[in-house]
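Throughout, protein chains are lettered first and strands after them, A, B, ... in sequence-line order, and every chain is numbered starting at 1.
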Amino acid sequence: MTKARDLANASTALSAVSATELGYLDGVTSAVQTQLDAKQAANANVSTTELGYLDGVTSAIQTQLDAKIPKTLTTTTGDIIYASGANTPARLGIGAASTYLTSDGTVPSWGTISAGGMTLIATTNMSGSSVTVSSIPDTYKHLMVVFKKVYYNSNDYPIQFRFNSDTGSNYYWQGFRAYNATVDPTGSNGTLFEPNIKTRNAADNYLNMFGSFNLYNYTTTTPKGYDSRFYWADSGGTRGHTQADGTYYNTSAISSITVIAAGQSFSGGTMYTYGVS
Amino acid sequence: MTKEFKVEHNLETGEVTEIELTAEEIAELSALRAETEAKIAVETQKATDKAALLAKLGITEDEAKLLLS
């Protein structure tokens with residue numbers, strides 16, 4: 001009756017304590033705080049805060065830790081972690097300056113950016129009945145030939161192109177010529193490529209021929225495409241422009257380009273051959 | 001008489017060579033020249049005919065274009 005009386009007397013103070021909570025005292029044999037303090041002392045290296053970190057843990061902590069990627073996998077600044085196989089982390093060291101991240105289809109690696117752009121591989125003065133650039137390196141993707149101030153020993157002759165000295169009817173082209181207030185179509189299939197232009201027989205800074213010729217994928221063993229554009233003037237000083245695009249229908253890689261003065265001779269001008277990466 | 005020649009620029013060696021044309025190449029050059037001259041003659045004749053026709057009609061080239069546009 002003593003305990004009952006004490007509880008009754010403390011009813012006001014115990015209003016916030018439920019019967020269930022009071023039931024937790026069942027079996028207690030000594031002062032709870034004393035017991036708790038004793039426990040704390042036994043685990044002096046682990047604080048209550050640290051114990052609280054276990055909140056939410058659902059399985060063995062060590063097993064979970066072992067499944068994680070160790071930070072020691074990265075050893076150097078710039079390292080990248082990738083999977084060399086399923087569930088197999090691996091390290092990829094930083095690439096050299098100006099390299100780019102690429103792939104062989106399986107794992108990543110660093111690639112070197114090629115120089116790109118155009119490289120002048122030959123400067124050739126134009127003379128004789130034809131000018132050939134031979135043994136063209138096969139290390140480029142495309143070729144570009146630029147003509148500067150070209151003139152002949154005779155008036156009004158066109159310019160012609162052949163590849164690999166091939167005299168077969170493998171040259172196809174279409175284009176147009178703007179000249180003498182008219183624009184006319186031009187095109188053919190023949191034993192050479194002949195953009196329809198005219199040339200003069202003397203040096204002239206304003207009226208000699210300027211132009212360019214592009215030959216695409218010249219090392220491939222499929223037909224190759226080409227295009228060209230020229231600014232020129234005839235013997236009377238009338239200016240013209242010719243643009244022509246075509247196909248060289250031959251599967252041999254091209255190692256030489258011959259520029260022909262259409263039966264006459266080049267008297268001057270410069271031909272610049274560029275390799276395009 | 002000046003001998004006909006062609007130029008070859010070997011990009012592997014950098015060597016530029018003037019090569020005298022063979023008889024066969026000279027013949028080919030002559031054929032090419034004749035072929036080109038024939039084309040030029042056709043074009044010249046066409047231009048002459050055109051000018052004559054315009055003169056006959058008494059109109060300019062621009063007026064002819066206007067008629068055909």
Check: Between Pro158(A) and Thr36(B), what is the shortest heavy-atom contact and its length?
Finding: CD-CG2, 3.3 Å
Check: For Phe210(A), does the CZ atom have more than 12 heavy-atom neighbours from other residues, nucleotides or ligands under 6.0 Å away?
Finding: yes
Check: Taking atom CD of Glu35(B) and atom CD of Gln160(A), what is their separation to the nearest 0.5 Å?
Finding: 7.5 Å
Check: Which heavy atom in Ile40(B) sits nearest to a heavy atom in Asp156(A), and how many Å separate them?
Finding: CD1-O, 3.4 Å
Item checked: Closest contact, heavy atoms only, Gly263(A) versus Leu32(B) -> N-CD2, 4.0 Å
Item checked: Lys141(A) NZ: over 12 foreign heavy atoms closer than 6.0 Å -> no
Check: Ignoring hydrogens and geometry, is there a side-chain-to-backbone donor-acceptor pair from Ser130(A) to Lys6(B) under 3.5 Å?
Finding: no
Margin query: Using heavy-atom distances under 4.5 Å, tell me whether Thr123(A) contacts chain B through its side chain, its backbone, both, or neither.
Written below: backbone
Check: Under 6.0 Å from the NZ atom of Lys148(A), do we count more than 12 heavy atoms belonging to anything else shown?
Finding: no
Margin query: Need one label for Leu21(B): side chain, backbone, both or neither, based on atoms under 4.5 Å from any heavy atom in chain A.
Written below: side chain
Next item on the list: Can you tell which part of Glu25(B) gets under 4.5 Å to a heavy atom of chain A, answering side chain, backbone, both or neither?
Entry: neither
Margin query: Is Glu43(B) close to chain A through its backbone or its side chain, or both, or neither, when contacts mean heavy atoms under 4.5 Å?
Written below: side chain
Notebook entry, point to check: Do Glu37(B) and Gln264(A) pass the side chain to side chain contact (heavy atoms under 4.5 Å, CB included) test, and can you show the C-alpha distance, the side-chain angles, and the key distance before you say yes or no?
Noted result: CA-CA 10 Å; Glu37(B) 281 168 355; Gln264(A) 297 297 336; 4.2 Å; yes
Notebook entry, point to check: So which of Thr273(A), Thr167(A), Val259(A), Thr182(A) has the largest heavy-atom pair count under 4.5 angstrom toward chain B?
Noted result: Thr182(A)
Notebook entry, point to check: Highest number of heavy-atom pairs under 4.5 Å with chain B: which of Ser265(A), Ser255(A), Gly128(A), Pro137(A)?
Noted result: Gly128(A)
Check: For Ser134(A) and Glu8(B), does a side-chain donor sit closer than 3.5 Å to a side-chain acceptor?
Finding: yes
Checklist line | Heavy-atom closest pair, residues Leu11(B) and Ser135(A) | finding: CB-O, 3.7 Å
Item checked: Distance in Å, Thr132(A) OG1 paired with Ile19(B) CD1, rounded so as to fall on 0.5 Å steps -> 7.5 Å
